[in-house]
Asks: 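I have a structure I would like to understand better, so I am pasting it below and will then ask my questions one at a time.
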Amino acid sequence: MKQLISQLEWIEFIDGPMWVVLTIFIVSMIYKIIRDKSEFHPIVKWLGWLLVLILLHPLYSYLFPGLTAHQIGHLIILVFTFEVFRKVYRIFPKISFYLLPQLFWIGITCGFTFLKMAAAHNLDTNTILTSVPFF
């Protein structure tokens, strides 16, 4: 388990810059929607809330240290991003694809944080994966 986590340490190294890039994607989505519609569209409100949630992530990670709070934050962002993706896709299908890298990255970070939590509780990945029905 520790060997696997050490091989995935690059995730923590690029996490900050990756969130900056993903934030730029969301800001560009908001800009494209406002530019195309030339007025405030209700979907911009959802993208704005997603942006606020992402920008608050470092704050609540600092205020509530520990892997569990970090994982809960990631899961909340993942679910909210997926919901925003669905809403944007219905109205602006091409623009919605800007959220796919975010969904991918949050999935990676959720998996990595889960592995770190499992290692902190001395759980073996083979035990975890065999207990899940679809593995």
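The basis for the numbers below is simple: all heavy atoms, side chains too, and nothing from hydrogens, waters or symmetry mates. Numbering starts at 1 and runs along the sequence shown.
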Asks: Working to the nearest 0.5 angstrom, can you tell me the gap between I30 CD1 and L50 CG?
Replies: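 These two atoms lie 8.5 Å from each other.
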Asks: Test L56 against every option in L53, I54, V52 by the side-chain contact (heavy atoms from CB on, under 4.5 Å) rule and name the one that passes.
Replies: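 Among L53, I54, V52, the one meeting side-chain contact (heavy atoms from CB on, under 4.5 Å) with L56 is V52.
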Asks: Going by the angle between their ring planes, with limits at 30° and 60°, are H41 and F92 parallel, tilted or perpendicular?
Replies: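 H41 and F92: perpendicular rings.
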Asks: Can you see which heavy atom on L99 is nearest to which on V84, and at what distance?
Replies: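 It is CD1-CG1, 3.9 Å.
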Asks: Which residue, L103, I11, L8, forms the side-chain contact (heavy atoms from CB on, under 4.5 Å) with I108?
Replies: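 Answer to the side-chain contact (heavy atoms from CB on, under 4.5 Å) test with I108 among L103, I11, L8: I11.
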Asks: I need the single residue from W19, F82, W105 that forms a side-chain contact (heavy atoms from CB on, under 4.5 Å) with I77. Which is it?
Replies: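 Only one option passes, and that is W19.
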Asks: Report yes or no: do V21 and Y31 belong to one cluster of Ile/Leu/Val/Met/Phe/Trp/Tyr joined by side chain heavy-atom distances under 4.5 Å?
Replies: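 Not linked; separate clusters.
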Asks: Side chains of I106 and L22: does their closest heavy-atom pair fall under 4.5 Å?
Replies: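 Answer no - side chains too far apart.
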Asks: Is any side-chain heavy atom of F112 closer than 4.5 Å to one of E12?
Replies: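 Contact flag for E12/F112 side chains = yes.
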Asks: Would you say the side chain of T109 lies within less than 4.5 Å of the side chain of M18, judging by non-hydrogen atoms?
Replies: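 No, every pair of side-chain atoms sits at 4.5 Å or beyond.
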Asks: Give a yes or no answer on whether the side chain of T113 reaches the backbone of C110 with a donor-acceptor pair at less than 3.5 Å.
Replies: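 Not at all, since once roles are kept as given, no pair shorter than 3.5 Å links the two residues.
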Asks: Surrounding CZ of F97 (heavy atoms of other residues, nucleotides or ligands, distance under 6.0 Å), is the total greater than 12?
Replies: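 Correct, the count exceeds 12.
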Asks: Over 60° means perpendicular and under 30° means parallel, so classify the ring planes of Y98 and F25, tilted if in between.
Replies: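 Answer is perpendicular, since the angle exceeds 60°.
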Asks: What's the spacing between R86 CZ and I91 CD1 if we round to 0.5 Å?
Replies: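 Between atom CZ of R86 and atom CD1 of I91 there are 12.0 Å.
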Asks: Looking only at heavy atoms, what is the nearest atom pair of S96 and Y89, with distance?
Replies: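 Closest pair (atom of S96, atom of Y89, distance): OG-CD1, 3.1 Å.
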Asks: With rounding to the nearest 0.5 Å, note down the distance linking CD in E83 to CH2 in W46.
Replies: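 Result: 6.0 Å between the selected atoms.
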Asks: Is there a path of hydrophobic side-chain contacts, each under 4.5 Å between heavy atoms, that joins F104 and V88?
Replies: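 Yes; V88 is reachable from F104 via cluster members.
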Asks: Are W10 and L115 joined in one hydrophobic group, where the rule is that I, L, V, M, F, W and Y side chains link up if heavy atoms are under 4.5 Å apart?
Replies: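 As far as the 4.5 Å side-chain criterion goes, L115 and W10 are connected within one cluster.
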Asks: Would you give the length of the straight line joining atom CD1 of I43 to atom CE of M29, rounded to the nearest 0.5 angstrom?
Replies: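 It is 8.0 Å, given to the nearest 0.5 Å.
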Asks: Would a single hydrophobic cluster contain both L47 and I34, if residues Ile, Leu, Val, Met, Phe, Trp and Tyr are joined by side-chain heavy-atom contacts under 4.5 Å?
Replies: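 Result: yes, single cluster for both.
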